[in-house]
Amino acid sequence: MFKAVAKDARLLRDSVDIISQLIDDGLFNITKSGIELETADRTMVSFIDFKMKASSFENYECDKDASIGINLLNLLTVLKRANLNDKLTLFLNEKDSALEITLEGSSVRRFSIPLLQISKSETPDIEQLLKKFSADAEVSSAIIEQGINDADIIADSVIIELSPDKLRMFAEGNSSKSELKIFKGTDTLTKLNAKETVNARYSLDYLKKMIKGSKLFDKVNIMLGKDFPLRMVFENDDIFLGMILAPRVSESE
Amino acid sequence: MFKAVAKDARLLRDSVDIISQLIDDGLFNITKSGIELETADRTMVSFIDFKMKASSFENYECDKDASIGINLLNLLTVLKRANLNDKLTLFLNEKDSALEITLEGSSVRRFSIPLLQISKSETPDIEQLLKKFSADAEVSSAIIEQGINDADIIADSVIIELSPDKLRMFAEGNSSKSELKIFKGTDTLTKLNAKETVNARYSLDYLKKMIKGSKLFDKVNIMLGKDFPLRMVFENDDIFLGMILAPRVSESE
Amino acid sequence: MFKAVAKDARLLRDSVDIISQLIDDGLFNITKSGIELETADRTMVSFIDFKMKASSFENYECDKDASIGINLLNLLTVLKRANLNDKLTLFLNEKDSALEITLEGSSVRRFSIPLLQISKSETPDIEQLLKKFSADAEVSSAIIEQGINDADIIADSVIIELSPDKLRMFAEGNSSKSELKIFKGTDTLTKLNAKETVNARYSLDYLKKMIKGSKLFDKVNIMLGKDFPLRMVFENDDIFLGMILAPRVSESE
């Protein structure tokens with residue numbers, strides 16, 4: 001039996017919103033400790049590892065682990081129907097093979113969405129990968145979003161670079177250029193570890209989706225290596241939202 | 001001669017907005033007691049009976065009854081040009097066969113829209129029909145709008161049901177379901193008369209248009225019968241807006 | 001060397017926004033006294049003369065006159081990336097043949113857009129033209145915008161008319177009409193010089209673009225002659241934005 005009452009319906013909705021940007025169907029693992037999702041997007045260019053802790057719910061009951069396949073857009077559409085003060089309850093209806101979402105306010109509304117048959121996907125060994133990043137930073141997520149949108153008016157990819165004293169984003173296209181710099185020690189770049197300059201080029205289409213996390217999180221952790229994937233982590237006491245994006249190798253360089 | 005100064009330009013605009021959702025061209029009857037419209041939509045699936053009372057105008061002069069055909073979108077487009085504090089005057093220019101709308105604020109603006117030749121349409125005998133409804137309710141219009149929008153993410157029709165203790169809306173499609181319940185005695189369901197459970201299925205396309213009345217009215221009156229049309233009435237001291245919607249017979253049931 | 005720090009990034013952005021409605025590529029003349037643009041639109045129906053004074057910048061350095069060709073949409077897209085409190089600096093990078101725009105806030109962002117080869121266009125002799133207008137008025141720009149939008153729901157052109165006691169705008173189409181009148185001596189028509197009634201018909205497509213100046217300026221100066229171009233001038237201590245629009249000759253009149 002799984003049943004959980006959300007502490008903050010908006011937090012759940014916005015998390016699903018971000019994930020649904022990258023993933024169509026996801027296999028959620030429901031355990032005593034919370035709800036987890038680990039999956040690559042269809043094109044295998046990006047990977048998400050998400051966890052919403054049991055403690056982030058007002059009430060959380062799970063007496064048996066379960067893996068449920070959910071269409072994320074389907075779930076999001078229902079979550080968007082919640083009003084600000086509605087009490088939102090998730091319930092796994094195993095008999096009907098459905099996830100039930102109940103919204104209680106001035107009326108009682110119940111939605112039911114079907115569970116999907118999804119097989120567990122191959123996932124990268126994140127622990128192994130984490131050892132290979134050579135630089136990392138904790139940055140204002142709003143500034144990174146700005147840098148992504150700046151680059152987006154110029155090109156379809158951006159170079160992200162960490163060096164001992166700064167974070168830099170750089171794009172070039174059609175004779176136009178954009179460049180953003182944030183320096184170590186400022187309010188917006190609260191941590192920076194880089195022994196040497198490392199950078200790589202990433203697709204703006206993916207970055208624009210990943211950075212939607214800035215809606216929920218003020219800070220984002222960024223990890224880089226030379227021509228290596230980008231690791232982006234949004235995190236607070238309730239939610240862990242990690243993403244990995246493969247670098248883009250441009251032939252024209 | 002017909003000339004009327006609106007007390008509230010927004011009330012007139014929003015009423016015409018709602019009607020124009022369902023009706024293209026309408027034959028308005030102008031009498032001493034007010035402005036009336038009774039007409040079925042082009043597909044004959046829904047019917048509107050609308051009255052704006054003479055007393056709802058700041059000033060109302062009508063020395064001869066008149067029936068004028070108006071394209072509702074044409075009228076709405078002009079009414080939308082009014083500013084918040086404009087004095088809005090309607091004037092029937094019989095010589096030019098036009099309805100004139102004057103907006104007086106920091107400038108004087110006059111619009112003229114042509115009268116159309118429209119023959120009186122067959123209308124259902126509402127008095128007769130009213131006797132056949134077996135249940136009715138007075139409900140928060142915002143909640144009904146919510147139930148309609150909930151169902152709209154799932155299916156293209158919804159079952160509306162009145163029973164002795166509650167109002168219920170239910171939709172099902174593609175393995176997903178939505179259900180809304182409001183119970184007798186709550187703030188949102190202020191009146192309920194149903195000796196037994198009656199329900200019928202209605203098209204969401206029409207319901208979404210009809211419920212636009214919630215913009216102007218907090219409450220809506222709903223009348224039902226078993227597999228019978230739905231009667232929806234929005235009403236205050238100034239305006240009566242009644243609508244009838246034929247039930248939808250789904251073969252798959 | 002040209003380098004200038006904007007006093008108000010929004011003023012620069014909105015000016016470029018208005019100009020970009022009419023002009024694709026423009027040749028800006030940069031001199032000690034400010035930045036100027038004089039150019040006809042591609043169809044030669046309208047003409048813009050724009051000046052942003054050196055004194056309207058917080059800091060303005062120009063030791064050599066320069067003429068630089070800029071794609072206005074390109075420039076606007078960059079200017080729109082500025083945040084409210086960013087320090088905006090323009091710098092002419094002659095070596096790279098580029099205009100650099102730097103935005104300094106919580107990060108440092110630098111954009112570079114390419115200079116274009118544009119030859120000086122034929123421009124009308126404005127001084128000569130100005131002598132031929134027979135009537136002029138200073139009007140609330142919001143009211144003129146209203147008159148333009150009123151006419152726009154009826155037709156694709158509007159007659160603008162100045163007479164000794166009023167300004168009048170009039171449109172007719174598909175049996176519908178719109179008319180706006182503002183009278184001399186009201187708050188909205190602060191100046192009016194017209195010995196006789198003069199009017200001409202103008203394209204609403206162009207007027208809708210030209211009147212965007214109302215976003216920045218409360219007043220607009222209008223000059224007219226019988227079946228003559230329209231002169232529209234927005235002006236304050238920092239900016240002069242003049243436009244000329246050829247009259248439209250309708251065969252159906």
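Letters A, B, ... mirror the listed sequences (proteins, then strands); counts begin at 1. Note that these values count all heavy atoms, side chains included, but never hydrogens, waters or copies made by symmetry.
Contact annotation for A:Gln146: both backbone and side-chain heavy atoms come within less than 4.5 Å of a heavy atom of chain C. With a 4.5 Å cut-off on non-hydrogen atoms, A:Ser178 touches chain C through its backbone and its side chain both. Heavy-atom distances place the backbone of A:Asn174, and not its side chain, under 4.5 Å from chain C. Contact of A:Asp150 with chain C is made through backbone and side chain together, with heavy-atom distances under 4.5 Å.
Using a 4.0 Å cut-off between a side-chain N of Lys or Arg and a carboxylate O of Asp or Glu, A:Lys7 and A:Glu58 do not qualify as a salt bridge. Using a cutoff of 4.0 Å between basic side-chain nitrogens and carboxylate oxygens, A:Glu179 and C:Arg110 are scored as salt-bridged.
Of the listed residues C:Ser106, C:Ala98, C:Gly105, C:Ser97, the one with more heavy-atom pairs under 4.5 angstrom with chain A than any other is C:Ser106.
For C:Asp41 and C:Thr43, the side-chain atoms include at least one donor-acceptor pair closer than 3.5 Å. C:Thr31 and C:Asp65 form no side-chain donor-acceptor contact under 3.5 Å, judged by distance and modelled atom types alone.
Using a 4.5 Å heavy-atom threshold, the side chains of A:Asn199 and A:Lys226 count as touching.
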